[in-house]
Peer 1: 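This is the structure I want to talk about, given as C-alpha cells.
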Amino acid sequence: MAAASTLAVLATRLLRPAQSCSLRQRPFHLSAVRSEAVVISGKKLAEQIKQEVRQEVEEWVASGNKRPHLSVVLVGENPASHSYVLNKTRTAADVEHIDERRICNAVSPDKDVDGFHVINVGRMCLDQNSMLPATPWGVWEIIKRTGIPTLGKNVVVAGRSKNVGMPIAMLLHTDGAHERPGGDATVTISHRYTPREQLKKHTALADIVISAAGIPNLITEDMIKEGAAVIDVGINRIQDPITAKPKLVGDVDFEGVKKKASYITPVPGGVGPMTVAMLMKNTIIAAKKVLKLHEREALKSKELGVASN
C-alpha cells in the first residue's frame, strides 16, 4: 500500500503545472569509459517523457478539459492500518480466491491505464493501438530512445509473465509497419524451467537480453556476447553481504555484465522510473479516450432525439 501511495503522489505532482525545468538533450549514460557499457539512465529518460506529458496535459487543460487524475485512496496514516489492510487482502485472497482476471476486466478498457484488460491485451496481440502495460512500454521506449537497433536482431526475454515478459516479447517481435509498430526482432522467451545452461546458449547469441524473471544474478558476464544490450527489469530485495542491510538488485550481475555489454540499465534507476512515466502517459491517453467516448454518446443521444421528433 505504501508503494501505491507513493505512486499517487507522483501522479499528483506530474499532473500539476510544471515547475521551471530545462531538459537538455544529451546521451543518457553515466560511463565515460567506452570499454564498458553505456549505462542508460532511466531517470533521465523518464524525466523527458514526463516533461512531454506535462506539456500535453497543460494543452489539454488550456482547451477547456478537466485535468486528468490518477488516484489511490488509503484512509489514515497509521502504520498498523497499512499492515492490517495488507494482511486482510492476503487473507481474503487465501479464503475467497480473488480472481485477478475478473478484477482486471471490471475496469473500463478506456480507463485501463495498466493495460491489463482482456480487450487491451487482445488489441496489443493483434498489433492494434491499445493501452500498453507500463513496464513493457517503458522497456520499449528505452530501446527506441537510446537508439538500440531491433530490426532482424536476436532478442532473449527471460520471464514469461503475462504483465511483463510476454508483452515485452510481443512489442519486440511484431511487424514495425502495423498499426501498433513492433521491433521486427527474433525473440526467444525463457522461464523458470529453462535450465541455466540452455538459457546461456540463447543469451550468448542475443543482441539484446531483457531479464524480467525476478532472480538475482540470473544473467552473468559469461552468458552474454560482446556488445550486447542488456535491459534489467528485475526487482529483488536481498541482504547486502557487507552491510547486512536490505539491498535492491536486478536480475543482472551489473558490475560483471557492464564490462562486455554495449548498453545496460541499472537497478534501481533504470526501468523503474520508466514504468511510472509510461503510467502517466497512459493517464492522459485514457482521459482523451473517455472524452471521445462521451462525445460519441452525446452525439448519438442527439441523433436519437431528432429522429424521435
Side-chain angles (χ1 to χ4, degrees), residues 24-49 135-159 164-165 167-174 176 181-190 196 198-213 215-236 249-275 277-278:
R24 290 180 292 174
Q25 297 292 329
R26 58 181 181 178
F28 298 101
H29 64 83
L30 304 176
S31 175
V33 182
R34 189 57 196 96
S35 60
E36 291 187 348
V38 171
V39 180
I40 302 169
S41 173
K43 291 181 180 179
K44 291 183 179 179
L45 281 172
E47 187 55 43
Q48 183 186 82
I49 292 168
T135 298
W137 192 12
V139 171
W140 180 229
E141 286 296 314
I142 284 174
I143 290 171
K144 288 197 299 180
R145 292 179 184 240
T146 306
I148 299 170
T150 60
L151 179 65
K153 300 298 183 180
N154 290 322
V155 177
V156 169
V157 177
V164 181
I168 288 173
M170 185 68 64
L171 291 172
L172 281 163
H173 96 267
T174 50
D184 284 310
T186 301
V187 181
T188 299
I189 303 172
S190 71
R196 187 179 181 84
Q198 188 66 31
L199 174 58
K200 183 177 179 179
K201 290 179 181 178
H202 292 294
T203 56
L205 299 173
D207 302 294
I208 303 172
V209 176
I210 302 169
S211 189
I215 302 173
N217 287 321
L218 175 65
I219 307 297
T220 52
E221 181 182 355
D222 62 307
M223 297 176 69
I224 68 165
K225 73 176 184 179
E226 194 77 34
V230 180
I231 310 295
D232 193 350
V233 190
I235 300 177
N236 309 290
V249 299
D251 290 355
V252 177
D253 175 15
F254 182 81
E255 293 301 326
V257 170
K258 76 175 183 179
K259 297 174 185 176
K260 285 180 69 177
S262 59
Y263 293 92
I264 191 170
T265 60
V267 175
V271 175
M274 291 293 289
T275 296
M278 302 324 295

Peer 1: How long is the span from the CG atom in L45 to the CZ atom in R145, to the nearest 0.5 Å?
Peer 2: 7.0 Å

Peer 1: Would you say that T188 contacts N154 through its side chain, given a criterion of any heavy-atom pair below 4.5 Å between the two side chains?
Peer 2: no

Peer 1: Would you check if L218 and R196 make a side-chain contact, meaning some heavy-atom pair closer than 4.5 Å?
Peer 2: yes

Peer 1: With sequence neighbours left out, what residues match K258 under side-chain hydrogen bond (donor to acceptor under 3.5 Å, both in side chains)?
Peer 2: E255

Peer 1: Run the side chain to side chain contact (heavy atoms under 4.5 Å, CB included) test against P216 and tell me which residues pass, sequence neighbours left out.
Peer 2: N236, I238, V249

Peer 1: I'd like to check I264 versus F254 (side-chain heavy atoms, cut-off strictly below 4.5 Å). Are they in contact?
Peer 2: yes

Peer 1: Between CD1 of I224 and CD1 of I208, what distance do you get to the nearest 0.5 Å?
Peer 2: 12.5 Å

Peer 1: Return the set of residues passing side chain to side chain contact (heavy atoms under 4.5 Å, CB included) with I235 (not counting sequence neighbours), or none when no residue passes.
Peer 2: L248

Peer 1: If you look only at distance, which donor and acceptor atoms sit under 3.5 Å apart when one is on a side chain in residues 225-232 and the other is two or more places apart or in another chain?
Peer 2:
unit_1 : atom_1 : unit_2 : atom_2 : d
K225   : NZ     : D207   : OD1    : 2.8
D232   : OD1    : G234   : N      : 3.1
D232   : OD1    : D251   : N      : 2.9
D232   : OD2    : D251   : N      : 3.1
D232   : OD2    : V252   : N      : 3.0

Peer 1: How far apart are the closest heavy atoms of P136 and L171, and which atoms are they?
Peer 2: O-CD1, 3.6 Å

Peer 1: Identify, with sequence neighbours excluded, every residue that meets side-chain hydrogen bond (donor to acceptor under 3.5 Å, both in side chains) alongside T150.
Peer 2: none

Peer 1: Just jot down the salt bridge (charged side-chain N to carboxylate O under 4.0 Å, His left out) partners of K201, sequence neighbours excluded, or say none.
Peer 2: none

Peer 1: For the OG atom of S41 and the CD atom of Q48, what is their distance to the nearest 0.5 Å?
Peer 2: 11.0 Å

Peer 1: What I'd like to find out is whether the side chain of V139 reaches to under 4.5 Å of the side chain of V164, using heavy atoms alone.
Peer 2: no

Peer 1: Quick one: side-chain hydrogen bond (donor to acceptor under 3.5 Å, both in side chains) partners of S190, sequence neighbours excluded?
Peer 2: none

Peer 1: Can you sort out the partners of K144 under side chain to side chain contact (heavy atoms under 4.5 Å, CB included), two or more places apart, ordered by chain and number?
Peer 2: W140, E141

Peer 1: Salt bridge (charged side-chain N to carboxylate O under 4.0 Å, His left out) with D222: which residues, sequence neighbours excluded?
Peer 2: K200

Peer 1: I need the minimum non-hydrogen distance between I189 and A169, along with the two atoms involved.
Peer 2: CD1-CB, 3.6 Å

Peer 1: Only counting residues at least two apart or in another chain, list the ones meeting side chain to side chain contact (heavy atoms under 4.5 Å, CB included) with N217.
Peer 2: D253

Peer 1: Between L172 and I143, is there a side-chain heavy-atom distance shorter than 4.5 Å?
Peer 2: yes

Peer 1: Report the distance from atom CD of Q198 to atom OG1 of T203, rounding to the nearest 0.5 Å.
Peer 2: 10.5 Å

Peer 1: Which residues pass the side-chain hydrogen bond (donor to acceptor under 3.5 Å, both in side chains) test with T186, sequence neighbours left out?
Peer 2: none

Peer 1: Take I40 and I148 through the side-chain contact (heavy atoms from CB on, under 4.5 Å) test and state the conclusion after the steps.
Peer 2: CA-CA 11 Å; I40 302 169; I148 299 170; 4.2 Å; yes

Peer 1: Heavy atoms only: give me the nearest K43-P273 pair and the separation to one decimal.
Peer 2: CG-CG, 3.9 Å

